[in-house]
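The structure appears below as structure tokens.
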Amino acid sequence: MEALGECTHFLSISDRFFDKSSTFVAFNKGKKEMEVIRCFVEEIIIRCGVHGAGVPILRHVLLIVVVVLLALLSYFVARRVILLITKVVSRKGLKWNQALLVSVCRVVPAIVVWKLLPLVFYQYHMVRELVARVTAIYITVMVTRAFIALLNSFDEITASKRSAKQQYLKSLRGVLKIVAIFMAAIFIIAIGIGRSPMTLFAGLGATSAVLMLVFQDTISGLVAGIRLTSNDMLHKGDWITVPKSNVDGIVEEISLTTVKVRNFDNTIVTVTPQTLVEDSFQNWLGMQQSAGRRVKRMVYYDFRSVKVIDDSLRKKLVDKGYFKAEELAGNIVNMALYRRFIEQYLSHNAYVNTDMVYIVCQKEATNAGLPLEFYFFLRDKEWEKYEHQLAEIMEYVYAVTPDFGLTIYEATPVQ
């Protein structure tokens, strides 16, 4: 009872003292509450037969146990509440990031410890400060981790989408992650040295040039990424070709500093967004979305084989069913007939999309022969089928060339 009387006397004195200091009202209020708890715990300890120097030690141990139990209780309560919210939200088809939930659950007991444990050691200033700083650092780390997990959850939601808006938001989320980690580092340093974070931020103004140098790639990558996505130039899943960087494949990932491409030989090539913006690159998205894939082949023919058809060649063309006799009346050049026949062949070929342009046209003569350009579109745009169908058509073009009296130009090898 004497200990309880001493505690009551102490509280009456502290009330008069605490009223004079408005700066520490919050802490003093908690201090008085912890003093009541301390007195109650000491009373129990004394009644259990413990006296002397062992009372304060046992009292601190019991108070720490109480704080730990309250922290664990708050963790389980927060976990139950979050799981309940998750079940309700899951019924609407939404999914939550597991790392986000874990981080949020771990913040709650840390706040309980941060609020209560320093009050347990209010008589020991050094211990109280150390516990408060360690707990504050832990809370900062968990909050930062929860924020990053929240940003990552948006990446999972939009992973299958390829719109320019989604790519822009992904780049923005990358910047927010860097800013969050940077801010957390500043707060942790400020807590560790016992200074205001604003003081450190003010000091960083003098080192802005160093920061610009450190984050040069990040800043330029962000600007280049915004240019790529805002102009709808590149998306995840696009087939691009960058000749200077030996890139010819599918875009797998776009980040602030790199664009990762898987080539068709399964090699992985990374290029910077600045490279794609400053240099030219070819995006095959328009072809993939169109009704056909273009074929543009040039074949050179010997000038000496170009001539007006004679009776023997006329008879040969009729016998092979290329033309009817009445279509070959007059002076007709074999190359003109050849061009007309190939266009008819393309118009009846199932591989060719006749709704798009198809033409066999003559180009300017060169010292390597007279060029003909075969220009048309194939319906099937898949690489393997496209190559096989293209080869089949061009092989037929080469095979019927002698029937028209034409010769494909071949350079004579140097002896």
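Along the sequence shown, residues carry numbers from 1.
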message: Are Tyr375 and Tyr358 an aromatic pair, judged by ring center distance below 6.0 Å?
response: no

- prompt: Yes or no on salt bridge (Lys or Arg N to Asp or Glu O under 4.0 Å) for Lys315 and Asp311, after CA distance, side-chain angles and deciding distance?
  reply: CA-CA 6 Å; Lys315 182 177 184 302; Asp311 293 337; over 6 Å; no

- prompt: Hey, is CG on Asp302 packed in by over 12 heavy atoms from elsewhere, all under 6.0 Å?
  reply: yes

Between Tyr351 and Asp380, a side-chain donor and acceptor under 3.5 Å: no

Any donor-acceptor N or O pair under 3.5 Å, side chains Asn263, Asp248: no

query: Hey, does Val259 have a side-chain heavy atom less than 4.5 Å from the side chain of Val261?
result: yes

- request: Decide whether a cation-pi geometry holds between Arg293 and Tyr386; the criteria are a distance under 6.0 Å from NZ or CZ to the six-membered ring centre and an angle within 45° of the ring axis.
  value: yes

- prompt: Taking the six-membered ring for Trp, are Phe303 and Tyr301 ring centroids under 6.0 Å apart?
  reply: no

- request: Heavy atoms only: give me the nearest Tyr75-Pro109 pair and the separation to one decimal.
  value: CB-CG, 3.9 Å

- prompt: Given the side-chain rings of Phe404 and Tyr338, with only the six-membered ring counted for Trp, is the space between their centroids under 6.0 Å?
  reply: yes

- prompt: More than 12 foreign heavy atoms under 6.0 Å from CE of Met126: is that the case here?
  reply: no

query: Under a 4.5 Å cut-off applied to non-hydrogen side-chain atoms, are Lys316 and Asp403 in contact?
result: yes

